[in-house]
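All figures in this text were calculated on a predicted structure; none of them were measured in a lab.
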Amino acid sequence: MNVSLEELINKAKAGYLVSFPTDTVPALAVLPEKAELIFIAKQRSQDKPLILMAASGSDLWPYVKGSDVEYQIWQELVNKYWPGALTLVLPASDRLPKVMNPIDPTTIGIRVPDCAIAQTILAQTGPLATTSANLSGQPPLETIAEIEATFPEVLTLETTAHQGDISGMGIPSTVAKWTGLNWQILRQGAIKLDNSAR
């Protein structure tokens, strides 16, 4: 269902499933504690965790935990690539709702998108549980019409609300997991990293 930007933000804050453009592929998003709604809508396996997306890194740090040295290493990478198409998988803090990553709630993927409309929404809703807008195992949907046809219950933005916003590049984010010593690249996406990234 097409709604205005203001209504989409209000509904997201109220716990509804929403979709909005990002710098990669359109996102399905919901409050972190309602993450189960995404798993159900996408028919997604519980062992595929969701990504916590926010308007800034400072909104995401409370959801992760590490040593001072680790925070420094993470911050260096974040300073270089955020906002952007890089998802970091880091040790999760107690603030993270277990429904975000039901099988392994000890880690969480976090990202700040380089997309004005996404940042506008996230700045007002706070961090949201996100994933690509598609049925699990299918290619990411790229248009509002496709998203509405697949997920009639999901709220999407009126086209007028983000006409000035270019659609994403259609390539998912790069995913890098912190092993405690270095980065393990789980998925090479839009940003090219190698395992030696420090």
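Scanning both residues, Gly189 and Ile171, for their nearest heavy atoms gives C-CG2, 4.0 Å. The heavy-atom pair separating Arg44 from Pro49 by the smallest distance is NH2-O, 3.1 Å. Heavy atoms only, all atoms of each residue included: Asp59 and Ala54 are closest at CB-CB, 3.7 Å. Looking at every heavy atom in both residues, Ile117 comes nearest to Leu157 through CG1-CD1, 3.8 Å. Pro32 and Val99 make their closest contact through O-CG2, 3.5 Å (heavy atoms, listed as atom of the first residue, atom of the second, distance). Scanning both residues, Ala29 and Phe20, for their nearest heavy atoms gives CB-CE2, 3.6 Å.
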- Between Tyr16 and Val3, is a side-chain contact (heavy atoms from CB on, under 4.5 Å) present by the stated rule, with each step listed? CA-CA 12 Å; Tyr16 286 78; Val3 295; over 6 Å; no

- Query: Taking it one step at a time, do Leu17 and Lys34 satisfy side-chain contact (heavy atoms from CB on, under 4.5 Å)?
  - Reply: CA-CA 9 Å; Leu17 261 182; Lys34 301 265 192 180; over 6 Å; no

- Begin from the C-alpha positions of Met53 and Leu128 and carry the test side-chain contact (heavy atoms from CB on, under 4.5 Å) through to its verdict. CA-CA 5 Å; Met53 200 180 275; Leu128 293 178; 5.5 Å; no

- What's the verdict on side-chain contact (heavy atoms from CB on, under 4.5 Å) for Val175 and Lys177, showing C-alpha distance, side-chain angles and the deciding distance? CA-CA 7 Å; Val175 180; Lys177 181 175 184 177; 5.9 Å; no

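Contact check for Glu36 versus Val30: no side-chain heavy atoms found under the 4.5 Å cut-off. Side-chain contact between Asn134 and Thr150: absent, with no pair of heavy atoms (C-beta onward) separated by less than 4.5 Å. Taking the side chain as every heavy atom from C-beta outward, Leu90 and Trp61 approach each other to under 4.5 Å.
Atom CD1 in Ile73 sits 12.0 Å away from atom CG in Leu88 (nearest 0.5 Å). The CD1 atom of Ile121 lies 8.0 Å from the SG atom of Cys115; values are rounded to the nearest 0.5 Å. Rounding to the nearest 0.5 angstrom, the gap separating the NZ atom in Lys42 from the CD atom in Gln138 is 10.5 Å. Separating the CG atom in Leu60 from the CG atom in Leu96 is a distance of 10.5 Å, to the nearest 0.5 Å. Here CZ of Phe39 is found 12.0 Å from CG of Leu28. Values are rounded to the nearest 0.5 Å. A distance of 7.0 Å separates CD of Gln119 from CG of Asp114, quoted to the nearest 0.5 Å.
Looking only at atom types and distance, the side chain of Gln72 has no donor-acceptor partner in the side chain of Asp68 under 3.5 Å away. Using modelled atom types, one finds a donor on one side chain and an acceptor on the other under 3.5 Å when comparing Thr87 with Ser173.
Neither Val89 nor Ile38 shares a network with the other; the hydrophobic side chains, linked directly or stepwise wherever heavy atoms of I, L, V, M, F, W or Y lie under 4.5 Å apart, form separate groups for each. Hydrophobic clustering (ILVMFWY, side-chain heavy atoms < 4.5 Å, transitive): Met1 and Leu5 are in one cluster. In the hydrophobic cluster analysis, where Ile, Leu, Val, Met, Phe, Trp and Tyr join through side-chain heavy atoms closer than 4.5 angstrom, Leu77 is grouped apart from Leu186. Residues Phe151 and Leu50 fall within the same hydrophobic cluster, defined by Ile, Leu, Val, Met, Phe, Trp and Tyr side chains chained together at heavy-atom separations under 4.5 Å. Placement of Ile51 and Ile185 in two distinct hydrophobic clusters is found when ILVMFWY residues are connected by side-chain heavy-atom separations under 4.5 Å, directly or transitively.
For Ser19 (side chain) and Thr156 (main-chain N/O), no donor-acceptor pair under 3.5 Å exists by modelled atom type. Of the possible donor and acceptor atoms, none in the side chain of Glu142 sits under 3.5 Å from a partner among the backbone N and O of Pro26. Panel note: side chain Glu146, backbone Thr143; a donor-acceptor pair is recorded below 3.5 Å.
When each of Val78, Thr174, Thr130, Asp23 is paired with Arg111, the side-chain contact (heavy atoms from CB on, under 4.5 Å) condition holds for Asp23 and for no other.
The number of heavy atoms from other shown groups lying within 6.0 Å of CG (Asp47) is above 12. Within 6.0 Å of CD in Glu148 there are more than 12 heavy atoms belonging to other residues, nucleotides or ligands. By the 6.0 Å contact criterion, NZ on Lys80 is open, its count of non-hydrogen atoms from other residues, nucleotides or ligands being 12 or less. The environment of Glu153 atom CD is dense: over 12 non-hydrogen atoms of other residues, nucleotides or ligands sit within 6.0 angstrom.
Gln124 pairs by the side-chain contact (heavy atoms from CB on, under 4.5 Å) definition with Ile9, Thr120, not counting sequence neighbours. Thr107 meets the side-chain hydrogen bond (donor to acceptor under 3.5 Å, both in side chains) test with Asn101; sequence neighbours excluded.
Ring pair Trp74/Trp178 is perpendicular by interplanar angle, where above 60° counts as perpendicular and below 30° as parallel.
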